[in-house]
Structure formats: structure tokens, C-alpha cells
2 protein chains.
Amino acid sequence: MPDPKMNFELDFHSGLPIYTQIVNQISGRVANGILEPGDQLPTVRALALELRVNFNTVARAYRILDEARIISTQQGRGTFIMDKPPPNVTEKLRRESLEGLTRRFIAEALRLGFTQTEVRQMVSEQIKVWKETTEVEE
Amino acid sequence: MPDPKMNFELDFHSGLPIYTQIVNQISGRVANGILEPGDQLPTVRALALELRVNFNTVARAYRILDEARIISTQQGRGTFIMDKPPPNVTEKLRRESLEGLTRRFIAEALRLGFTQTEVRQMVSEQIKVWKETTEVEE
DNA sequence: CGTCAAATTGTAATAATTGTATCATTGTCA
DNA sequence: TGACAATGATACAATTATTACAATTTGACG
């Protein structure tokens, strides 16, 4: 039985690429709350079968959604809706959120026996790496 | 009760295979002395249950660690930490462990929409706070 | 103490499921 | 026609599922 949350309507004559239509429909369902964090999406092959398209096309859509951090694709496990990024919340809450995340990271690193210097250096290094691999940012 | 030495954090979104993450986290704890020679690791089935993965995946990680002489798996008995690897190896393992931990933190923070600058500043701030509350360090 | 059965632990093999990577084909449009 | 995007075909890697098995420990029982 096809997933009721997934009854897509593809328009093969719209000129819009199929993978784009899949991306739009999934992200739309996420935005509407029909798909919620943790929900598992159909496998690339199952959805491809349902939509009568090649599974590579579905995989391409999933990859785009994965890069957009909307879903999480996990080889051998499946694909799942990611947690929503924090809604537009007050600057105070935003800061507290980051503070908690950072405190847990620091505490864990120090608990594991790393020095403050090591942690600082690694953070700088990894931020630099991230910047290089993601082009423009901030 | 989960083993306090074993509170792993798997990142199913990192692209790194699960078994690799398990290998890195265990070898990192060994390199840092959190896990000491003779310590018993959770059984493959127990750790698999805790991490919500198949026990074959844990067994694969244990097998790799066993071949690297970091742990000793003994059928019917369990798995135990072997002697600490030589310093040049532990240094490598230590670094890789911290790198993984840091990458997960940075990825999560940036995913939540924080900028690199915000992350950098918060890390500096929290390290300073930690230093003040724990007196001597390093 | 000695013995045996059950439980526990790691090992192994195999198949199925899932996403990934790469290249080939098709089709559209300038 | 030629270039490029979209799609298809194929092979591959990671994980899961299932099952069976061997070594060891544990505990009951005499």
C-alpha cells in the first residue's frame, strides 16, 4: 500500500524536471507539517516504483533535500525528515541554544581528556575546513 | 544502565559509516586513557541496542579494533581493552577522535543556522568560563 | 567438589534492503 | 548539429535481518 503521506502528483508535461517536482512536494509537506522530524520517507526504489520513474531520479531529489538539510539519507537505513532548524526566535533564545550546544561540546571534549588548547585549535581548524568546502558563507 | 564510559554519539548524517564512528570513538577513549587495559566493553548486542543499530555493525567495529590490537575479543567471554598502543599511534587516535567530536559539533551548530563567527565566539567564551570555574588547567 | 544444562558471548554466513557512484542514453533547444 | 540537462542502467557499499554455531560462564544439583 502506498504511503498516504506520499501520494504525489507528478506532471510529466509541466516542463519542470521530475526531481524538482519531488523536491518541491516533499519540502512542501515538511513545511505544512504533514511530514514531521523523524518520519521515514519511502525508499528511493519504492517511491520510484510508485511514481513510475527511475530510482536515480528519486535519489537525485533526495540528495538535493539532503544537502538542504531537510532530510537525512542514510545508506543501508533509509531517509528521514530532519529536525527543523530553530524557528525565528528571539536573539536571547538563539544565543542560549548555541551556548548549551557549545557547553556540551566543551564538557565532552574536556571529559575525554583533551586540553583547552587542543579544543580551541581543532575548532579553528574545522571551521576553516568547513568554510573551504562550502564556498560562500555568512 | 548504560556504561558511562560508553555514551557514544553517532551521527547518521555525517556520511561516515557507523562502524567507522564506533571504531574512532573507542580508539579515542583508549588513547585518552578513559578506557584502560583490561576494561570490558559492552557486548556487541548490548552496544547495538544502545546505539539502535544491528549487532553485526558493532561486531564489524570490534573486529577492526581487534585486528588493530586495540581490543581483544574473546568468544564466550567478551571484549576487553588491550595494552595502550605506542605514543605515536595514540597521538593519531587522539587527534582523530577530537576531530570527529568537533566536526559533529560544528556541523550541528551550522545546521541550526548559526554563523561561523557566532560559533567561534561562543567556543572562546565557554572555554574561558570553564577555565575560570576549574582553576588550573593544562 | 564434579557435572551438566542453560545462558551469555563472539563468529560466521547469507540474503535482502537501502543509498551511492559512475557512466550511458535520451531529449530539448539554441 | 552540438551542448547540456534529465533520465536510465549498472555496479557497488553500508546496513539490516536471520540463523546457526562455538567457546565460555553461570548456576543448579547430586
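All figures in this text were calculated on a predicted structure; none of them were measured in a lab. No hydrogens, no waters, no symmetry mates; every other heavy atom, side chains included, goes into these values.
The interatomic distance linking Gln21(A) (CD) with dA6(D) (P) rounds to 12 Å, in whole Å. Spacing between atom CZ of Arg60(B) and atom C1' of dT14(C) amounts to 15 Å, rounded to whole angstrom units. The nearest whole Å value for the distance from the OH atom in Tyr19(B) to the P atom in dT15(D) is 7 Å. Separating the CD1 atom of Ile71(B) from the C1' atom of dG10(C) is a distance of 11 Å, rounded to the nearest angstrom. What separates CZ of Phe80(B) from C1' of dT25(D) is a distance of 11 Å, to the nearest Å. The CG-C1' distance, from Leu49(A) to dG8(D), rounds to 15 Å in whole Å. The distance between atom CG of Leu10(B) and atom C1' of dT15(D), rounded to the nearest whole Å, is 13 Å. At whole-Å resolution of the value, CZ in Phe12(A) and P in dA6(D) are 15 Å apart.
Put simply, Met82(B) and Leu47(B) are part of two different groups of oily side chains (I, L, V, M, F, W, Y) that touch within less than 4.5 Å, one to the next. In terms of hydrophobic clustering, with Ile, Leu, Val, Met, Phe, Trp and Tyr side chains grouped at heavy-atom distances under 4.5 Å, Val58(B) and Leu49(B) are assigned to different clusters.
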Throw together a table of side-chain donor-acceptor distances under 3.5 angstrom for residues 62-69 of chain B, partners on residues two or more places apart or in other chains.
residue: Tyr62(B); atom: OH; partner: Pro42(B); partner atom: O; Å: 2.8
residue: Asp66(B); atom: OD2; partner: Thr73(B); partner atom: N; Å: 2.9
residue: Asp66(B); atom: OD2; partner: Thr73(B); partner atom: OG1; Å: 3.0

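Of the residues listed (Arg104(B), Arg103(B), Gln21(B)), the one engaging Ser14(B) in a side-chain hydrogen bond (donor to acceptor under 3.5 Å, both in side chains) is Gln21(B), and it is the only one.
One finds no side-chain N or O of Thr57(B) lying less than 4.0 angstrom from the OP1 or OP2 phosphate oxygen of dA14(D).
Side-chain contact check for Gln74(B) and Ser72(B): at least one donor-acceptor pair (N or O, by modelled atom type) lies under 3.5 Å. Side chains of Ser97(B) and Gln25(B): no donor on one and acceptor on the other come within 3.5 Å.
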Protein-to-nucleotide contact annotation, 5' to 3' order, nucleotides 15-27 of chain C [B base; S sugar-phosphate only; - none; under 4.0 Å, heavy atom]: ---BBBB------
